[in-house]
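These notes concern the structure reproduced below.
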Amino acid sequence: MNDARTPRLEQLPGLDILKFAMAMLIVAIHAELFKEIGWLYDFVSPLKFSAVPGFFVVSSFLFFRRRETNAKALGHYVKRLALFYAFWFVMLLPVTIGLRKWHAHFDCLVFLEKLFLASTFRGSWFIMALMIGVPVVWLARKMVHPLVLLFVAFAIHLPFQYPDWWPDIVRYRFSFLPPLLWIAIGALLASPSICTAPSKGLPPAVLLPVLYGGMLFRNLEPLVKPAFVVALFLVFLNCNIKPRPVFLTLRKMGILVFVTHFAFSSFVNHLALRRSPVWDNSFLHFSVVLGCAALVSRAILALRTKRFFGWLEYGL
């Protein structure tokens, strides 16, 4: 790839669209979209569960493609993530207290374990995984060849994909360890040697259906998914779309939808359990949660520029 095809962050509309699409798929996971249609649910499951890996690859790529990825830039990146984590920890605290039952019992050691190796508020593991995983990959790339790092990351990732073989490791599936593979892939894709290499072989768009077919086989899915995620990433990265302000908005809304949708999803689950079974419909669940999360996200983006609402900037 040349510089024209890997411009600045604001000029990557394909990745902006991809991030928002991944956020929609994550909402679909928690809404169990299509669960009423068994064959369709099984068919789209590999795509839905490629969403979080896609988020990691994009986030890692956008950091490592910077002109400078020195210790100062890394510190600034981690600081921004820490502020983002703290912002949403406070904003979602009432929901978290109710879901985690902290009002009845709070264990400091358990909290610390959840903070670094799982989640405090729902979905927070993704943020913490980036806060830990990106520095780990950044440091490892200074000590070993990127391909060696990729192999090691894949070796760490694989046991989590076959929990029946390694049952004790399941408790750490929402830690920074499994995503090291996706972060290493994003860093590798951002390498100048990769970006400037001429394209060879079949285009990624042609490979996508073949790779997706492989993911439909449960035992093969963990082995094929990295190739599928990379191919999907390359399709969106290199798509010929002119930059528009709406794509920047979609990029920002993507992460906001990811963070905020958990509260709405929990509320809909409560309605289905306590009020009416009609709320158990996956199509209704998905539509309501995505709609509410998108509206709140859009409101945050609009209000952050208003007087007295500048603090909302920390939530982006």
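To the nearest 0.5 Å, atom CZ of residue R298 and atom CG of residue L295 are 10.5 Å apart. Rounded to the nearest 0.5 Å, atoms CZ (F228) and CG (L208) are 5.5 Å apart. The structure places CD1 of I37 at 11.5 Å from CG of D42, a figure rounded to the nearest 0.5 Å. To the nearest 0.5 Å, the span separating NE2 on H261 from CZ on R122 amounts to 6.5 Å. Taking CE from M215 and OG from S45, the interatomic distance works out to 10.5 Å, rounded to the nearest 0.5 Å. A distance of 4.0 Å separates CG in L223 from OH in Y162, rounded to the nearest 0.5 Å.
Contact of the K19 side chain with the L250 side chain is not registered, since no non-hydrogen atoms from C-beta on lie closer than 4.5 Å. In this structure, the side chains of W279 and L273 stay at 4.5 Å or more apart for every pair of heavy atoms. Residues I29 and F286 have side chains not in contact (no heavy-atom distance under 4.5 Å, counting atoms from C-beta outward). Within the 4.5 Å cutoff, no side-chain heavy atoms of M91 are placed close to those of V259. Put simply, the side chain of I156 does not reach to within 4.5 Å of the side chain of L181, judged on heavy atoms. Here the side chains of L15 and R251 are not in contact, with every heavy-atom distance at 4.5 Å or above. Looking only at side-chain heavy atoms (C-beta outward), P163 and I169 stay at 4.5 Å or farther from each other. The shortest distance between side-chain heavy atoms of F20 and F247 does not fall below 4.5 Å.
Checked by atom type, the side-chain pair Y41/S282 shows no donor-acceptor distance below 3.5 Å.
Distance alone, capped at 3.5 Å, places no donor-acceptor pair between the S60 side chain and the F56 backbone. Here the side chain of H30 pairs a donor or acceptor atom with the backbone of I26 at under 3.5 angstrom. Under the 3.5 Å distance criterion, the side-chain polar atoms of R100 are matched with a main-chain donor or acceptor of T120. Remark: the backbone N or O of K72 is not paired with any side-chain donor or acceptor of Y77 at under 3.5 angstrom. Without hydrogens or angle criteria, S265 side chain to F262 main chain gives no donor-acceptor distance under 3.5 Å. K225 places no side-chain N or O within donor-acceptor distance of the main-chain N or O of P53, the cut-off being under 3.5 Å. A donor-acceptor pair is defined here as one N or O able to donate and one able to accept, closer than 3.5 Å; such a pair exists between the side chain of S119 and the backbone of W125.
Follow the hydrophobic side-chain contacts under 4.5 Å out from L92 and you reach L303 in the same cluster. I255 and L83 fall within the same hydrophobic cluster, defined by Ile, Leu, Val, Met, Phe, Trp and Tyr side-chain heavy atoms under 4.5 Å apart, directly or through other members. In the hydrophobic clustering of ILVMFWY residues, with side-chain heavy atoms under 4.5 Å counting as a link, L220 and V230 come out together. Residues L290 and V44 share a single hydrophobic cluster, defined by chaining ILVMFWY side chains whose heavy atoms lie under 4.5 Å apart. Clustering ILVMFWY residues whenever any of their side-chain heavy atoms sit less than 4.5 angstrom apart, transitively, puts F87 in the very cluster that holds V296.
A ring-centre distance under 6.0 Å is not found for F174 and F160.
Judged as a salt bridge (Lys or Arg N to Asp or Glu O under 4.0 Å), and not counting sequence neighbours, the contacts of D280 are K35.
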* **Test ring-ring contact (aromatic ring centres under 6.0 Å, His included) applied to F176 and F116, step by step** => CA-CA 8 Å; F176 70 94; F116 293 107; 9.5 Å; no

* **Evaluation steps, salt bridge (charged side-chain N to carboxylate O under 4.0 Å, His left out), between E32 and K48** => CA-CA 10 Å; E32 296 183 89; K48 291 192 294 184; over 6 Å; no

* Check step by step if ring-ring contact (aromatic ring centres under 6.0 Å, His included) holds for W182 and H157. => CA-CA 9 Å; W182 312 117; H157 174 84; 5.2 Å; yes

Tell me which donor-acceptor pairs under 3.5 Å the side chains of residues 130-153 have, and how far apart each pair is, sequence neighbours excluded?
residue, atom, partner, partner atom, Å
W138, NE1, T69, O, 2.4
R141, NH2, S191, OG, 3.3
H145, ND1, L147, N, 3.0

I'd like a table of donor-acceptor pairs (distance under 3.5 Å, sequence neighbours excluded) in which one partner is a side-chain atom from residues 306-316, with atom names and distances.
residue, atom, partner, partner atom, Å
W311, NE1, F308, O, 2.8
E313, OE1, R304, NH1, 3.0

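Residue-environment remark: CG (D107) exceeds the threshold of 12 foreign heavy atoms within 6.0 Å. Taking a 6.0 Å sphere around CZ of R80, one finds it holds 12 or fewer heavy atoms contributed by other residues, nucleotides or ligands.
Across P226 and P222, no two heavy atoms sit closer than the pair CD-O, 3.3 Å.
Using bins of under 30°, 30° to 60° and over 60° for the plane-to-plane angle, the ring pair F258/F55 lands in the tilted bin. The aromatic rings of W102 and F111 lie perpendicular to each other, with more than 60° between the two planes, well past the 30° mark.
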